[in-house]
Protein chains: 2
Amino acid sequence: MNYSVSEEDYIKAIYHLQRDQQTVSTNALAAELKTRPASVTDMLKKLKTKKLLHYRPYQGFKLNPEGRKVALGIVRRHRLWEYFLAEKLKFGWNEVHDVAEELEHVGSRKLIDRLDEYLGFPRFDPHGDPIPDNAGKMHVKNQVKLTELPLNITARVSGVADQSADMLELLKHRHIAIGTNIEVIKKFDFDQSLEIKTGPGIFFSISKQAAQNIFVHYELEKEFRCIAKRSA
Amino acid sequence: MNYSVSEEDYIKAIYHLQRDQQTVSTNALAAELKTRPASVTDMLKKLKTKKLLHYRPYQGFKLNPEGRKVALGIVRRHRLWEYFLAEKLKFGWNEVHDVAEELEHVGSRKLIDRLDEYLGFPRFDPHGDPIPDNAGKMHVKNQVKLTELPLNITARVSGVADQSADMLELLKHRHIAIGTNIEVIKKFDFDQSLEIKTGPGIFFSISKQAAQNIFVHYELEKEFRCIAKRSA
DNA sequence: GTTAAATTTTAGGCTAATCTAAAAATAATT
DNA sequence: AATTATTTTTAGATTAGCCTAAAATTTAAC
């Protein structure tokens with residue numbers, strides 16, 4: 001039930017590498033963790049005996065349901081701390097990761113659930129990634145570059161790829177920050193610049209170059225409800 | 001500059017055992033850390049090579065100035081997290097210690113200084129123990145049972161010895177919590193009950209039995225300034 | 001379908017932190 | 001002061017997590 005810092009790092013890394021149900025390779029995981037393939041093999045054996053993953057030598061591996069559950073717990077802690085650091089302690093979006101990497105290993109369930117409540121049950125971290133709730137459920141995430149956002153859909157800024165001073169200056173001038181609501185009104189084919197709206201009566205245009213560095217996310221609430229209804 | 005969880009546990013324990021400048025024994029430290037004397041000796045050698053303590057085999061040991069500096073950093077982190085847990089996440093005063101014990105090992109200086117600022121630079125943790133500031137300075141602590149508080153001095157509630165439901169009910173009814181200002185107006189010799197004041201126009205009496213379970217602290221600002229002036 | 005290349009695992013070692021048991025030093029007792 | 005008891009240290013082993021180098025397996029290439 002309780003895992004070491006190292007074990008948690010492996011579990012989380014495997015979780016991130018196996019998009020959906022793909023199998024993960026030893027080398028890929030070693031690269032991700034900046035360690036050696038031999039070390040990975042050692043840990044795989046350990047995690048297998050702890051019944052957290054499917055693993056057949058030379059054949060790759062992936063988390064089993066229990067492993068995914070554990071991984072979601074770690075992701076939840078990581079992202080809640082990121083949210084806390086950015087929202088309450090005013091850390092920059094690019095500074096939160098490393099500190100959260102340490103805080104995520106503090107295991108107390110009560111701590112995390114209370115923190116979640118204190119923060120108002122946020123559903124996305126400062127990078128726009130969804131935060132699992134205390135049952136491990138995540139909201140639908142649909143993160144795209146601003147250039148790919150469909151017209152007339154209100155999305156929220158979730159992150160910025162290029163965090164240079166120049167880019168940040170531009171964002172600051174336009175009052176764009178994490179969480180800002182944003183909507184694409186029109187796309188100009190000539191230079192692929194975008195006419196956007198960030199609030200009532202606030203319209204301006206933004207270059208393709210800037211837009212492709214801005215990530216936004218939006219929830220597919222309606223579609224999701226329909227599916228839920230159908231299956232009910 | 002960076003210490004392992006184990007090293008930090010040892011440093012903190014030594015700090016707490018050496019009230020003032022007393023020397024600490026191997027057995028005492030082993031008992032404190034629930035480990036074996038042989039393990040303590042091993043770690044002492046390590047901490048000595050890292051120049052954190054004075055240590056001569058068989059003669060006991062104590063932190064040197066550098067060791068005390070490191071210890072104060074750990075104590076600062078521990079107590080700030082305790083304050084955060086109690087104040088923001090509504091943990092009970094008796095629940096904060098174990099979680100803070102884990103959080104204290106997250107080393108980021110920036111995290112702690114930002115947390116300190118976010119909390120409003122608190123000077124005492126929920127148990128009434130002083131929190132070192134970012135330079136390692138602590139305010140004078142003068143913690144006594146309410147029964148021993150001199151008359152007409154405003155003190156602040158720092159903790160409660162008996163945390164039974166009955167006691168907490170009484171405190172709640174009187175609106176007494178950590179940080180509540182409190183002043184003893186009169187002591188009745190007959191039953192040693194106290195007439196106290198907890199705010200403008202708020203006076204009531206409290207039994208000896210209750211009062212001796214309430215800890216308060218007050219700062220000796222005037223006296224301290226005098227000493228400072230003299231030595232300057 | 002062999003051979004070559006890449007991947008993965010095994011074998012054996014290293015360090016930090018712990019332990020037990022035995023030896024050394026200090027403290028207490030008569 | 002000599003002996004006993006206590007405390008502390010040393011010696012040697014263990015475990016988790018990592019490493020390098022070599023062997024085993026799978027994949028790719030001819």
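Only this structure's heavy atoms are used, side chains among them; waters, hydrogens and symmetry mates stay out. Chain identifiers are assigned alphabetically (A, B, ...) following the order of the sequence lines, protein sequences preceding nucleic acid strands; residue numbering begins at 1 within each chain.
- With D:dT8, C:dC19, C:dT9 as the choices, the nucleotide that has an atom nearest any side-chain atom of B:Asn27 turns out to be D:dT8.
- For the pair B:Asp9 and B:Lys34, the salt-bridge criterion is not met [side-chain N within less than 4.0 Å of a carboxylate O].
- Comparing C:dT26, C:dC19, C:dT10 against the side chain of B:Thr35 picks out C:dC19 as the nearest.
- Heavy-atom contacts from other residues, nucleotides or ligands closer than 6.0 Å to CZ of B:Arg36 number 12 or fewer.
- A:Leu53 pairs in a side-chain contact (heavy atoms from CB on, under 4.5 Å) with only one of the listed residues (A:Ile11, A:Asn64, A:Leu47), which is A:Leu47.
- Base contact: B:Thr41 has a heavy atom under 4.0 Å from a base atom.
- Taking only side-chain nitrogens and oxygens, B:Ser25 never comes nearer than 4.0 Å to OP1 or OP2 of D:dT7.
- Scanning both residues, A:Leu63 and A:Arg68, for their nearest heavy atoms gives O-NH1, 3.3 Å.
- Between B:Arg36 and C:dT20, a side-chain N or O to OP1/OP2 separation shorter than 4.0 Å is present.
- Distance B:Tyr58 OH to D:dT9 C1': 4 Å, rounded to the nearest Å.
- Counting any heavy atom pair closer than 4.0 Å across all strands shown, A:Ser39 reaches a base atom.
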Run the side chain to side chain contact (heavy atoms under 4.5 Å, CB included) check on B:Leu52 and B:Tyr3 step by step: do they pass? CA-CA 11 Å; B:Leu52 295 175; B:Tyr3 303 99; 3.7 Å; yes
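- Side-chain N/O atoms of A:Lys45 include one lying less than 4.0 angstrom from OP1 or OP2 on C:dT10.
- Contact annotation: the side chain of B:Lys50 never approaches that of B:Glu66 to less than 4.5 Å [non-hydrogen atoms, C-beta and beyond].
- B:Thr26 comes within 4.0 angstrom of the backbone, heavy atoms only, and of no base.
- In this structure, CG of B:Asp42 is placed 9 Å from P of D:dT10, rounded to the nearest angstrom.
- Contact check, A:Ser6 against D:dC18: a side-chain N or O comes under 4.0 Å of OP1 or OP2.
- When heavy atoms are screened at a 4.0 angstrom cut-off, A:Phe61 is found touching no nucleic acid atom at all.
- Here the P atom of nucleotide C:dC19 and the NZ atom of B:Lys34 are 13 Å apart, to the nearest Å.
- For the contact set between residues 47-57 of chain A and DNA chain C, defined by any heavy atom under 4.0 Å, the members are A:Tyr55, A:Pro57.
- Relative to the ring axis of A:Phe61, A:Lys48 does not place its NZ or CZ within 45° and under 6.0 Å from the centre.
- Rounded to a whole Å, the CE atom of A:Met43 is 18 Å from the C1' atom of C:dT10.
- Computed from coordinates, the B:Leu29 CG to C:dT18 P distance equals 11 Å when rounded to whole Å.
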